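Worksheet for the structure shown next.
None of these values were measured; they are calculated from a predicted model.
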Amino acid sequence: MDIRSEFGQRIRELRARSGISQEMLSFRSGLDRSYLSSVERGERNISIVNIEKIAAALQVSIGYMFDGERFSATPAYQPKEFTIPFLERFKYKLDNEKKILAFSVSGLLTGNDVEYMDSILMGICSAFGKGELTLFVDHREMKALDGEPAVYSPEVAEKAVLFQRNLLRYNRRAIVLCNSEFQVQQLNHVTQESGIPSTHLFGQDKEVIGRAYQLLNINGNELIKMQTD
């Protein structure tokens, strides 16, 4: 495949898994929509300056734009993704002894879902003092109906920054299990904006869980465990 077509496909993939339209990518990057369309079709020799703008709009590094991790270009965040109620896809558990607040999300999130999590988890956190808790988050099953990983939509990412800023009052750090390197990239950006110290892990399940438990100084967690086939 021609390098221009390959790179255009890469942009389509990352845009689709973020729930971002060409119009939105145009707005976020400051590049003309027709120009972006021609880039995605492989018709442009795109400059490094514009690659940087697109990477920033997608909340990834320039290096990740050329990473080998690939996805389908099927758009995520379609209405059918939200037929299962969020309450059935959101689980949480407090370990009072270790002072670890764990929660997991399967499927995709809306802005309202983030606000709901904020209200529930902040209610738990408010019983603790400043910096007493550690967050343990499982996003491994944050996937679209096609079974492929998806990352936060722009609305969700914006709400997640506010959510994390609220949690800063009670949480000293966060450990997050991610569904892809793409999500690691995006959450690095989100936590940089929010200011909460956070470690984002992605890789082989056994290694990732082992690393998370080591960082948390625990031997296991009632909610977040190694996945089994």
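- Checked by atom type and distance alone, the side chain of Glu40 never pairs as donor or acceptor with a backbone atom of Gly8 at under 3.5 Å.
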- Task: Test Ile209 against Arg140 for side-chain contact (heavy atoms from CB on, under 4.5 Å), laying out the working first.
- Result: CA-CA 11 Å; Ile209 286 290; Arg140 289 173 295 172; 3.8 Å; yes
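- Geometric assessment of Arg10 against the ring of Tyr64 yields a positive cation-pi assignment under the 6.0 Å and 45° thresholds.
- Checked against the 6.0 Å centroid threshold, Phe202 and Phe182 do not count as a close aromatic pair.
- Judged by distance alone, with hydrogens and angles left aside, the side-chain atoms of Arg33 form no donor-acceptor pair with the main-chain N or O of Ser26 at under 3.5 Å.
- Here the closest non-hydrogen pair linking Arg211 and Gln214 is NH1-OE1, 2.9 Å.
- A 6.0 Å sphere centred on CD of Glu23 holds more than 12 heavy atoms belonging to other residues, nucleotides or ligands.
- For the atom pair CD of Glu193 and CG of Leu162, the computed distance is 10.5 Å after rounding to the nearest 0.5 Å.
- Looking at heavy atoms from C-beta onward, Leu108 lies out of side-chain contact with Tyr152 at the 4.5 angstrom threshold.
- Between Phe136 and Tyr213, the ring planes lie perpendicular to each other; the angle is over 60°, past the 30° to 60° tilted range.
- Distance check, rounded to the nearest 0.5 Å: CG of Asn188 to CD of Gln183 gives 10.5 Å.
- Enclosure of atom CD1 in Ile120 by more than 12 non-hydrogen atoms of other residues, nucleotides or ligands within 6.0 angstrom is indicated.
- Looking at Asn179, its side chain does come within 3.5 Å of a backbone N or O of Met142 through a donor-acceptor pair.
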- Task: Start with the C-alpha distance between Lys159 and Glu115, add both sets of side-chain angles, then the distance that settles salt bridge (charged side-chain N to carboxylate O under 4.0 Å, His left out), and finish with yes or no.
- Result: CA-CA 7 Å; Lys159 294 288 180 72; Glu115 291 179 355; 2.8 Å; yes
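- Side-chain contact check for Glu141 and Gln227: at least one donor-acceptor pair (N or O, by modelled atom type) lies under 3.5 Å.
- A distance of 10.5 Å separates CG of Asp95 from OG1 of Thr134, quoted to the nearest 0.5 Å.
- Between the OG atom of Ser180 and the CZ atom of Arg17 there is a distance of 9.5 Å, given to the nearest 0.5 Å.
- Side-chain contact check for Gln59 versus Val151: every heavy-atom pair is 4.5 Å or farther apart.
- Annotation: the span from Leu58 atom CG to Leu14 atom CG amounts to 5.5 Å, rounded to 0.5 Å.
- Using a 4.5 Å heavy-atom cutoff, the side chains of Glu43 and Arg4 are not in contact.
- Side chains of Ser37 and Arg41: a donor on one and an acceptor on the other come within 3.5 Å.
- Closest non-hydrogen pair, Ala16 versus Thr74, comes out as CB-O, 3.7 Å.
- Residues Lys143 and Glu148 are not paired through a salt bridge, judged by the lack of any N-O separation under 4.0 Å between the basic side chain and the carboxylate.
- Distance NE2/His139 to CG/Leu109: 6.5 Å, rounded to 0.5 Å.
- In this structure, the side chains of Glu69 and Phe71 come closer than 4.5 Å at one or more pairs of heavy atoms.
- Under a 3.5 Å cut-off, the side chain of Asp113 and the backbone N or O of Thr110 do form a donor-acceptor pair.
- Side chains of Arg44 and Ser38: a donor-acceptor N/O pair is present below 3.5 angstrom, by distance only.
- At least one side-chain heavy atom of Thr191 sits under 4.5 Å from a side-chain heavy atom of His200.
- The two atoms that bring Ala150 and Tyr77 nearest to each other are CB-CE1, 4.5 Å, heavy atoms only.
- Side-chain contact between Phe128 and Leu94 is present, with heavy atoms from C-beta onward closer than 4.5 Å.
- Under the 3.5 Å distance criterion, with hydrogens and angles disregarded, a donor-acceptor pair is assigned to the side chains of Gln185 and Ser61.
- In this structure, the side chain of Tyr170 does not engage the main chain of Ser126 through any donor-acceptor pair within 3.5 Å.
- Ser29 places a side-chain N or O within 3.5 Å of a backbone atom of Leu25 that can act as its donor or acceptor partner.
- Formation of a donor-acceptor pair under 3.5 Å by the Asn171 side chain with backbone atoms of Arg173 is not found in this model.
- A salt bridge does not link Arg172 with Glu132: none of the charged nitrogens is closer than 4.0 Å to a carboxylate oxygen.
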